[in-house]
Amino acid sequence: MNTIETLSEKATVKALVATLLQDSACGHDVVLGIWQRQMDRVWNSGGPADVLAELGTEAARLLDLHTRTVAWLEANAPGCTDSMTSKVQAYTVHEDGTATINES
C-alpha cells in the first residue's frame, strides 16, 4: 500500500466518523423535539386528566415510552429534559393500562 492510498483511507475514515457524530447529534435533537411535542400535548393541554382518560388503556404504554425516552435523552445530554419533566404531574398507572392524575 502506498502513501496516497493510506492517506485516502484515513480521510475516508475521518469523514465517516464525522458523519457518525453529526448523525448522532441530529438523531438526539430529532427525538428530543418529538418527545417535547408529545409531552406538551399531554401536560400543557389544559386537561391532562382528560388526555389520559381518552388514551384509555394506551396511557400506560405512552407514559412508559416517555419514561424510557427521558432516560435515553438524559444519558446523551444530561439536563435536556428538565424544562419539560418539571411540568409532569404525579400520576398513577393502573393494572388495566389506564392512568389517572393523582389528587393533590
I'd like to check W43 versus M84 (side-chain heavy atoms, cut-off strictly below 4.5 Å). Are they in contact?
no
Calculate, to the nearest 0.5 Å, the distance between atoms CG and NE2 belonging to L73 and H66 respectively.
10.5 Å
Closest non-hydrogen atom pair between A60 and V93, with its separation:
CB-CG1, 3.4 Å
Would L21 end up clustered with V13 when hydrophobic side chains under 4.5 Å apart are linked, directly or stepwise?
yes
Look up atom SG in C80 and atom NE2 in H28, then write down how far apart they are to the nearest 0.5 Å.
4.0 Å
If you measure from CE on M39 to OG1 on T85, what distance do you get to the nearest 0.5 Å?
7.0 Å
4.5 Å side-chain heavy-atom contact, N44 and K87
yes
Would you call V42 and L62 a side-chain contact if the rule is heavy atoms closer than 4.5 Å?
yes
Inter-residue atom distance E58.CD - T98.OG1, 0.5 Å rounding:
11.5 Å
Within the distance-only criterion (no hydrogens, no angle test), does the side chain of Q89 pair as donor or acceptor with the backbone N or O of N102 below 3.5 angstrom?
no
Between the CH2 atom in W72 and the CG atom in L32, the distance rounded to the nearest 0.5 Å is 9.0 Å
Give the cluster check for I34 versus V88: same hydrophobic cluster or not, with ILVMFWY residues linked at side-chain heavy-atom distances below 4.5 Å.
no
Here the pair of heavy atoms bringing L52 nearest to A99 is CB-O, 3.6 Å
Taking every non-hydrogen atom, the tightest pair across W35 and T81
CH2-CB, 3.5 Å
Do D96 and T57 get their side chains close enough for a donor-acceptor pair, meaning under 3.5 Å?
no
Can you confirm whether V51 sits close enough to L55 that some side-chain heavy atom of one is under 4.5 Å from a side-chain heavy atom of the other?
yes
